[in-house]
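What you see below is based on every heavy atom in this structure, not just the backbone, and it leaves out hydrogens, waters and symmetry mates. Predicted model, so just to flag it, every value in this text is computed and none were measured.
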Amino acid sequence: MDARLTLAKLGGNPFACAAGLTVMKEVTSPGFLGNVVERGLQLMEGLRRILGPTHEVRGKGLLVGVQLQRPPTELVKAALAQGLVVGVAGNNTLRIAPALIITSAQVDELLEKLAAAHRAQG
């Protein structure tokens, strides 16, 4: 990436530029995006298994949305009680966006916590 382009896009702030270049170096490193795709598929398959066919699971990479039959407010609260931070996108969509460096074991843990939250909220 051209450093001048980076400086222009980040307003010339040296710290922001250094951070941006570091992120770009990591994201473009061999295997990084492949792992993102694999973990995203693992997450979406696990969500389909936990929530069943009545909930649409969609996404790309590790940005995933689950269409629910009702507002996700209670599920978000139950997930937080499990130590899991998830969000809301729109009226009835649960948004899950873990870190791009998440491991397979961490995806499994996320799914376990979300399953417990789903059971707890009824």
Practice prompt. State which residue, out of I96, D108, V57, fulfils the side chain to side chain contact (heavy atoms under 4.5 Å, CB included) condition with L43.
Written response: I96

Fill in: Within one Ile-Leu-Val-Met-Phe-Trp-Tyr cluster: I102 and V37, side-chain cutoff 4.5 Å
yes

Worksheet item: So, E45 and R48, do they make that salt bridge, N to O below 4.0 Å?
Response: no

Worksheet item: With a 4.5 Å heavy-atom cut-off, do N35 and R39 have their side chains touching?
Response: yes

Discussion item. Quick check: closest heavy atoms across L110 and P98, and the distance to 0.1 Å?
Written reply: CD1-CB, 4.2 Å

Fill in: Member of V66, T93, V64, L47 meeting the side chain to side chain contact (heavy atoms under 4.5 Å, CB included) criterion with R58
T93

Item to complete: Return yes when atom CG of L33 has more than 12 non-hydrogen atoms of other residues, nucleotides or ligands closer than 6.0 Å, and no otherwise.
Response: yes

Worksheet item: At their closest point, which heavy atom of N92 faces which heavy atom of P72, and how far apart are they?
Response: CA-CD, 3.9 Å

Worksheet item: What heavy-atom pair brings A99 and L62 nearest, and what distance separates the two atoms?
Response: O-CD1, 3.6 Å

Discussion item. Treating Q106 as the side-chain partner and T103 as the backbone partner, does any N or O pair qualify as donor plus acceptor under 3.5 Å?
Written reply: yes

Worksheet item: When rounded to the nearest 0.5 angstrom, what distance separates CD in E109 from CD in Q82?
Response: 10.5 Å

Fill in: Residues L94, V88; criterion side-chain contact (heavy atoms from CB on, under 4.5 Å); working and verdict
CA-CA 5 Å; L94 179 71; V88 176; 5.7 Å; no

Practice prompt. Quick one: closest heavy-atom pair of Q121 and A78, and the distance?
Written response: CB-CB, 4.2 Å

Discussion item. Between L63 and R95, is there a side-chain heavy-atom distance shorter than 4.5 Å?
Written reply: yes

Fill in: Test log, rule side-chain contact (heavy atoms from CB on, under 4.5 Å), inputs T54 and Q69
CA-CA 8 Å; T54 60; Q69 266 85 43; 4.0 Å; yes

Discussion item. If hydrophobic clusters are built from ILVMFWY residues whose side chains come within less than 4.5 Å, do V23 and V36 share one?
Written reply: yes

Practice prompt. Would you check if the side chain of S29 reaches a backbone N or O of F32 as a donor-acceptor pair within less than 3.5 Å?
Written response: no

Worksheet item: Between H55 and L51, is there a donor-acceptor pair closer than 3.5 Å when you use the side chain of the first and the backbone of the second?
Response: yes

Worksheet entry | In one Ile/Leu/Val/Met/Phe/Trp/Tyr side-chain cluster, 4.5 Å: L111, L80 | no

Practice prompt. Return yes if some donor-acceptor pair links the side-chain N/O of Q42 with the main-chain N/O of S104 below 3.5 Å, else return no.
Written response: yes

Discussion item. What's the separation between atom CD in E112 and atom CG in L84, rounded to the nearest 0.5 Å?
Written reply: 11.5 Å

